2 protein chains.
Amino acid sequence: MKFEPVTIKDIAAKLNLSTSTVSRALRGSWEISNKTKKLVLEYAEKINYRPNPIALSLKERRSHSIGIVVPEIANHFFSQAINGIESIAYNRGYHVSISQSHESTEREMVNIQHMASRSIDGLLVSISAETENLKHLQDLHEKGLPIVFFDRIAPEINTYKVVADNYKGAYDATVHLINEGYKNIAHITSSPHLFITQKRLEGYKKALEDHQIPYDPKLVEYCNYGGMVVDEVELAIKNLFKNKKKPDAIIGGGDRITSVIFLLLKNQKKGGLKIGYIGFSNSDLTDMFSPSLSVVRQPAFEMGVAATELLIKLIESKRPITEFETIVLDTQLIEKESSKKRIE
Amino acid sequence: MKFEPVTIKDIAAKLNLSTSTVSRALRGSWEISNKTKKLVLEYAEKINYRPNPIALSLKERRSHSIGIVVPEIANHFFSQAINGIESIAYNRGYHVSISQSHESTEREMVNIQHMASRSIDGLLVSISAETENLKHLQDLHEKGLPIVFFDRIAPEINTYKVVADNYKGAYDATVHLINEGYKNIAHITSSPHLFITQKRLEGYKKALEDHQIPYDPKLVEYCNYGGMVVDEVELAIKNLFKNKKKPDAIIGGGDRITSVIFLLLKNQKKGGLKIGYIGFSNSDLTDMFSPSLSVVRQPAFEMGVAATELLIKLIESKRPITEFETIVLDTQLIEKESSKKRIE
DNA sequence: TTTTATTACGCAAACGTTCCCAATTTACTT
DNA sequence: AAGTAAATTGGGAACGTTTGCGTAATAAAA
């Protein structure tokens, strides 16, 4: 089946004008008489003419579309970030194209290649938990493709970045648990090579230090697939409880990890386990958990907004930009039941 | 900043060949000598040549991309469906372009127009709860743009459709509640004009009828924004409890409505309210609710797969298709705590 | 040797636009 | 009336590809 849109040629033929005249009339050029302009505009309106964006892209050598690469959209943090991205992009005349890596480096590379070859004007990326080697991105970046990272940033690539203040988020969460009276606070987090993981760990350590609690590496467990596979989280928990000093509280990193830990803890709790818990999550369902879940919330929407503004700035800049900033947005600690040490 | 990809011309110039020869060599045409082919292929590989899809689209008058229009991606049903769509699309060489209506007719129209004018080859649509007038879609459909509906289908447009068996889903849920001993089963659902809403209502009624329970329209409440605004759900619940015969169980329609009802019920429960509850939901977090939530789960991924296969069939078909089927996939009732009448 | 196939390649048009550079018309001076 | 300036419009190239057709060069047949 085909779908034959009307072109500038159709208008030109019908009106006995040249395509150049029609083209100019359509964009309201001053060098076309009002009479002709009106004629063209009215006819175009009548037959519902729409410029062919493909032809335009070919001519202008830009597609007015930006690509988004995220681990997965079925994650409230990312879907909120995408909403932020869209809110800016559409207003600025850009179309967005979303793709998911599902935390796999390979899919991430394929998607990025695919997008790059589909002539996007720029890329908004949050790298997968599995990704360590960033050569594919580095290459594109060096060739001049505008890229902005958000959340899961790549420190070694010199461009704009937007992150939540994971250091402070983890710090606050840890302090909160300490203040509640927890002593052995564990941390189950994402891949150790992710920058956000490192920042969270630093915040966690600093909070312990500030409260004269020695840092015990055995209380930190990493999930290399960001919680996409339940087994890795299960193993992490199992490892924690193998320690002689069992944790009495856990801080979870990332939406996925956070909810999986919660589920596993909930199941274990039947055995009388009582653990303080707080997680990094942007889910809007955490209030419905039982106990309701204390969370560190990231400003996902705002991060999307900021990243998109930077990307468009990069795309539309006449001269190459070499000074790049990293925008850090505040996290929010939301205290609910799961992190409270209740009197029993 | 600009990003200058290498073109066929660059190869031709470098190798002292014409663009036609290079083009033919690249696609392995038989009328090019093996020597030349090898030369071209190797050089193309070396400089990492990628055909410009925009130029190709312009030439072939198709973009190899399909548009998705859903209410929102921050909804597990839709994100799972999108995963299903992607799984097929990418394998068949199609790129997908996702857009969200946020349950608003206006945004839906804008998105659809935008996509149509961006030369997509076909459209996968799940209409917003607010949408009643389908003229925009009807127009495009009549102009020959291939469209397949899934989940929120438009019965009046004659094309392929893919739905879950909402009738059976609602029937099963209702019967389950009846069997648990609930007497006054209410139903809070989406806009009355949505086809799925009607089907669910039918299933609900039939189940009541089969168990000699009279149908009471006062036990059915509609949310015109599909639960996007909390107030409408709150009002729905309030209305239900105004009845002289107060409901002792509720069936919620849609992911969003389901979780909002749950939250509101949970808050009310402090006052001693005890209500059987089951909802249509594809969230993977319902197990963590308290009580864990009984749900009717829809085969979201499979629906995405089926819809995409049909759309591609439509796009690639040589002759116009006039016989359209509607695929109905089974739902699954998952019984957890929230729908059980426990002995107290 | 000349004719006829066959092989391997180049030319140029086309897809829908924009835009530089004329060419034509109209209006204004002198 | 003729000349010039200003206002409109058209021609055609370009963006990166594909592809029908034409044409050299080579090989086979006469």
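Because only heavy atoms are used, hydrogens play no part in the values below, and waters and symmetry mates are left out as well, while side chains stay in. Note that the structure is a prediction, hence the values are computed from the model and not measured. In what follows, every chain begins at residue 1, and chains take the letters A, B, ... in the order their sequences are listed.
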Next item on the list: Could you tell me which residues satisfy salt bridge (Lys or Arg N to Asp or Glu O under 4.0 Å) with A:Glu156, sequence neighbours excluded, listed by chain and number?
Entry: none

Next item on the list: Please identify each residue that fulfils side chain to side chain donor-acceptor pair (under 3.5 Å) with A:Tyr94, with sequence neighbours left out.
Entry: A:Arg62, A:Glu316

Notebook entry, point to check: What pattern of brackets, bars and dots sums up DNA chain C from 5' to 3', given Watson-Crick or G-U wobble pairs under 3.5 Å, [ ] for crossing pairs and | for another strand?
Noted result: ||||||||||||||||||||||||||||||

Check: Any idea how B:His114 and A:His95 line up, ring-wise: parallel (<30°), tilted (30 to 60°), or perpendicular (>60°)?
Finding: tilted

Check: side chain to side chain donor-acceptor pair (under 3.5 Å) with A:Asp139: which residues, sequence neighbours excluded?
Finding: A:Lys135

Next item on the list: Under 4.0 Å between any heavy atoms, over every strand shown, what does B:Arg62 touch: base, sugar-phosphate, or nothing? Just pick one.
Entry: nothing

Checklist line | Under the side chain to side chain contact (heavy atoms under 4.5 Å, CB included) test, residues paired with A:Leu39 that sit two or more places apart | finding: A:Leu15

Check: With sequence neighbours left out, what residues match B:Arg24 under salt bridge (Lys or Arg N to Asp or Glu O under 4.0 Å)?
Finding: B:Glu31

Checklist line | Pairing residues for A:Thr131 by the side chain to side chain donor-acceptor pair (under 3.5 Å) criterion, not counting sequence neighbours | finding: A:Thr105, A:Glu108, A:Ser128

Notebook entry, point to check: In the 5'-to-3' direction, what one-character label does each nucleotide of nucleotides 8-15 of chain D receive under the scheme B = base within less than 4.0 Å of a protein heavy atom, S = sugar-phosphate only, - = no such atom?
Noted result: BBBBB-BB

Item checked: For B:Gln100, side chain to side chain donor-acceptor pair (under 3.5 Å) partners two or more places apart -> A:Asn83, A:Glu86

Notebook entry, point to check: How would you list, by chain and number, every residue that makes a side chain to side chain contact (heavy atoms under 4.5 Å, CB included) with B:Lys59, sequence neighbours excluded?
Noted result: none

Margin query: The criterion is salt bridge (Lys or Arg N to Asp or Glu O under 4.0 Å); which residues satisfy it with B:Glu302, sequence neighbours excluded?
Written below: none

Notebook entry, point to check: Quick one: how far along DNA chain C does chain B reach, first to last nucleotide 5' to 3', anything under 4.0 Å to a heavy atom?
Noted result: C:dA8 to C:dG16

